[in-house]
Amino acid sequence: MKDRLPVNNSGVWLRRYLVAGGIALNVILAFVEHLLDLPLYMDTVGTVVVATLGGLYPGIVTAVCTNALCLFFNPDAPYFVLVNILIAIYTAWFVRKHTLKKILNVILFILGIALISGLSSGLIQWFFVGKTDYPVVLETVNAITISSGIGESYAFIFVLIILNIIDKGFSIGLSVLVMHYIPEEKKDEIRDGCWKQKPLSSGEIEASNKLSRKVHYSLRTRITLILMVVSLGLTLIITFVGMRLVFNNEKAEKTKNAWNAAKFAASVIDGDRVGDYLENGFNAEGYEETRDMLYKIREGASGVLYLYAVKIQEDGCHFVFDLEAEDSEALEPGTVVEFEEAFYPYLPALFAGEMIEPIESDDTSGWVQTVYYPVYNSAGKCVCYVGCDVSLQYMAGYVRDFVVRALLILSGFMILVFAYGLWTSEMNIVYPISSIAACANSLFFNDSDQESLDENVKKLRSLDIHTGDETEVLYQSICNLALGMAEQTRDVRRFAEGTAKMQSGLIITMADMVESRDSDTGAHVQKTAAYVKIILEGLEKKGYYSEKLTPKFKSDAVMSAPLHDVGKINIPDAVLNKPGKLTDEEYEIMKTHTTAGKKILENAISTVQGENYLKEARNMAAYHHERWDGKGYPEGLHGEVIPLSARIMAVADVFDALTSPRVYKPAFPLEKALSILTDGAGKAFDPKVVEVFMESLPEVKAILKKYNQNL
């Protein structure tokens, strides 16, 4: 077992070739569509083929790799990896439930994929990536919006769904054509190539799933939860870390630009003219020229939203320059604005004309990062500050857009990781262990014959698990254990059969010893044992005493039957073989054979440990002369208080006594013997025992014919 190759090694390679071919087909068709600028999405043909033939995981691999490679000629391709994955998932589910050989199923398949693809890609384009560049699509959307009055977004998604019906109809038609030319045996090899054991049928897979549902926390559930938590956790961590890094880097870069812009702006403002600028504003000499320079500086500083110059005084900020922005008008020179709350901690430094660190605030100007750089006059005194505001709100929106796009890309790879983990765990752990468990249950809890045990061992070995890991080691160990157990059981059964034959021989010998003293009981033990067996089978067939009629009970009762009269060994020959009617004293002596038999067998039982057939032999010997109505001997037991084996022997013993000749009477005719039994039902005998005996007359007559040649 250790040196063999996987059963379907060719199937493994066929699956790999299938995935590679599906990726190549997708990429080539997508490149042609991109080159010809067609409003089609041809990067799913291979995905449909692979998911149809190979199942879910190969379909997802094809989808992810396709969109990753399409990045080389289509920068938006990675954002649509989720769409391709959804198509793979839907395809794998649909072909598992339906066949594509029916036209109606193919139509439903096309409509389903078109709906999934159109809706998901439409949402991604509308909200995250941007609307399509195809003029025909945009014109159609506008026409629908104008004519129907519905929202542009709804019209856009509707158009994409219609377009996908055409597109996916062609794609699925091409897929069906490709699959038509793949031989059926190759399809089977591809489907079975994923198994690390003998492929399971749908019924066996369902049985495995039922086994998993029986446990509190199945291995499949735990692995799925672990993969979900890990995948989701990694996605969130990567997203959060990426968002923070991008935001901080963007913030640092924009702050640096603001510092440079503020420093440059401070160098072009003449500090000696600040007072004149505040007093005369636009009429001050050089004000307009300086203001124009500041506009140019702001335009050249990436990310700077506001650029202004203020003089910090006790009553607030006195604006020297304020440049117009898109969302606000410029303040006139000399306008005083109160300090925002975020600036309070920095006011002492500002009053002193010192440099301060950037200030983050969310007030009248929105969420901004403000940089202040001092403007000095010719005497080296700070006369005002140049302020540059960078919009953090804008950066947050940029980061959110980045995160959404990153999530669209990461989602595909995270789903791929999740699918791979789930597929690997099922093929390498869940299904092999479930298969081993199912076979082990049949093997270790099966008390059938040796042939069934050997068949179960063969079934276990036919699983042929070849995962190449600890699961395979476990499987090999269980196979060796099962094989050894089967051989050991075979030896034990041979020994037990020999022991049983020896016991049977001893029993017959003991019974013959007793019978040889009784001149009138020819073949009595053989006949009564046969009748007991017939009655047991009849009771089982009718469903009577089903809780009592175990295989062991039936075996013990048949084996014990010859010993029911073992107590006669103590009866004197004069009484045992008296040709006439016994006197009362002699009858009392004869009745002691029940208590004597009980004592003999109890002594035998005490020498044998554990359960054994002698306990039923004791019951038969002691109580086979008890009556259903309680008028029997030796203890006067009644009804079901009498052991079942003794009630069965009572009927068998009396019937044989009636139909056999004795020294004191001839054999009764069969009809009279049966009439006596029938009359005694519910009085001397258990009525159910008599009922099944009467219903088994053909078998009873066969016994009579065998041993009573005169009947």
Side-chain angles (χ1 to χ4, degrees), residues 247-281 284 286-287 290-291 293-295 297-298 301-325 327-396:
F247 183 79
N248 290 336
N249 289 339
E250 190 72 13
K251 182 179 177 181
E253 182 183 350
K254 295 298 185 290
T255 302
K256 182 180 178 181
N257 291 342
W259 273 116
N260 292 332
K263 183 178 180 180
F264 190 18
S267 68
V268 302
I269 297 175
D270 187 350
D272 294 330
R273 293 179 176 271
V274 168
D276 187 25
Y277 293 159
L278 281 172
E279 183 178 351
N280 298 309
Y287 187 90
T290 302
R291 189 165 176 268
M293 287 290 293
L294 294 178
Y295 269 114
I297 292 172
R298 189 186 69 177
S302 174
V304 174
L305 184 63
Y306 302 112
L307 180 63
Y308 49 90
V310 293
K311 185 176 181 63
I312 306 299
Q313 295 186 1
E314 293 292 339
D315 59 344
C317 295
H318 293 250
F319 274 79
V320 181
F321 291 97
D322 185 34
L323 307 187
E324 291 181 356
D327 57 348
S328 65
E329 295 182 1
L331 297 176
E332 294 292 329
T335 303
V336 180
V337 176
E338 293 181 357
F339 297 116
E340 294 180 359
E341 186 177 350
F343 286 78
Y344 289 165
Y346 302 94
L347 289 180
L350 291 172
F351 291 146
E354 298 173 358
M355 292 281 290
I356 62 171
E357 62 186 33
I359 303 172
E360 185 174 327
S361 63
D362 188 4
D363 210 322
T364 56
S365 299
W367 186 22
V368 295
Q369 175 99 320
T370 301
V371 171
Y372 271 15
Y373 197 89
V375 177
Y376 300 99
N377 60 16
S378 57
K381 180 182 178 181
C382 177
V383 293
C384 70
Y385 285 90
V386 173
C388 279
D389 290 349
V390 176
S391 175
L392 298 182
Q393 189 71 42
Y394 168 79
M395 281 194 289

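Since this is a predicted model, take the numbers as computed values, not measurements.
Minimum interatomic distance between Glu360 and Trp367 (heavy atoms only, all atoms of both residues): OE2-NE1, 3.0 Å. Of all non-hydrogen atoms in Val320 and Pro333, the two that sit nearest each other are O-CB, 3.9 Å. Nearest heavy-atom pair, Gly281 versus Tyr287, reported as atom, atom and distance to 0.1 Å: O-CG, 3.2 Å. The shortest heavy-atom contact between Glu314 and Phe339 is O-CE1, 4.0 Å. Shortest non-hydrogen contact noted between Gly334 and His318 is O-ND1, 4.4 Å. Taking each heavy atom of Glu324 and Arg298 in turn, the nearest pair found is O-NH1, 2.6 Å.
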Using residues 266-275 as the side-chain source, report each donor-acceptor pair under 3.5 Å to any protein atom, sequence neighbours left out, with the distance given to one decimal.
residue: Ser267; atom: OG; partner: Phe264; partner atom: O; Å: 2.5
residue: Asp270; atom: OD1; partner: Asp272; partner atom: N; Å: 3.1
residue: Asp270; atom: OD2; partner: Arg273; partner atom: NE; Å: 3.4
residue: Asp272; atom: OD1; partner: Ser378; partner atom: N; Å: 3.0
residue: Asp272; atom: OD1; partner: Ser378; partner atom: OG; Å: 3.1
residue: Asp272; atom: OD2; partner: Ser378; partner atom: OG; Å: 3.2

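In terms of modelled atom types and a separation under 3.5 Å, the side chain of Thr335 and the main chain of Leu331 share no donor-acceptor contact. No donor-acceptor pair under 3.5 Å is formed between the side chain of Lys311 and the backbone N or O of Phe319. Counting only distance, with no hydrogens or angles, the side chain of Asn257 and the backbone of Ser302 share a donor-acceptor pair below 3.5 Å.
Here CZ of Phe321 is found 9.0 Å from CG of Leu323. Values are rounded to the nearest 0.5 Å. Rounded to the nearest 0.5 angstrom, Asp322 CG and Tyr306 OH are separated by 9.5 Å. Atom-to-atom distance recorded for Ile297:CD1 and Lys263:NZ is 13.0 Å, nearest 0.5 angstrom. For the atom pair OG of Ser361 and CD of Glu341, the computed distance is 10.5 Å after rounding to the nearest 0.5 Å. For the atom pair CE (Met355) and CG (Leu350), the distance works out to 11.0 Å, reported to the nearest 0.5 Å. Expressed to the nearest 0.5 Å, how far OH of Tyr308 lies from SG of Cys388 amounts to 8.0 Å.
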Candidate pair Val336 and Asp315, rule side-chain contact (heavy atoms from CB on, under 4.5 Å), full reasoning: CA-CA 8 Å; Val336 180; Asp315 59 344; 4.2 Å; yes

Tyr376/Val383 under side-chain contact (heavy atoms from CB on, under 4.5 Å): CA gap, chis, key distance, verdict: CA-CA 6 Å; Tyr376 300 99; Val383 293; over 6 Å; no

Tyr295/Arg291 under side-chain hydrogen bond (donor to acceptor under 3.5 Å, both in side chains): CA gap, chis, key distance, verdict: CA-CA 6 Å; Tyr295 269 114; Arg291 189 165 176 268; 3.2 Å; yes

Leu392/Lys251 under side-chain contact (heavy atoms from CB on, under 4.5 Å): CA gap, chis, key distance, verdict: CA-CA 7 Å; Leu392 298 182; Lys251 182 179 177 181; 4.1 Å; yes

Intermediate values then yes/no, side-chain contact (heavy atoms from CB on, under 4.5 Å), Thr255 and Val371: CA-CA 7 Å; Thr255 302; Val371 171; 4.1 Å; yes

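When side chains are defined from C-beta on, Glu357 counts as touching Tyr346, because their heavy atoms get closer than 4.5 Å. The shortest side-chain heavy-atom distance between Leu305 and Val390 does not fall under the 4.5 Å cut-off. Annotation: side chain of Asn260 is in contact with side chain of Lys256 (closest heavy-atom distance under 4.5 Å).
The aromatic rings of Phe343 and Tyr372 are tilted relative to each other, their planes meeting at an angle between 30° and 60°.
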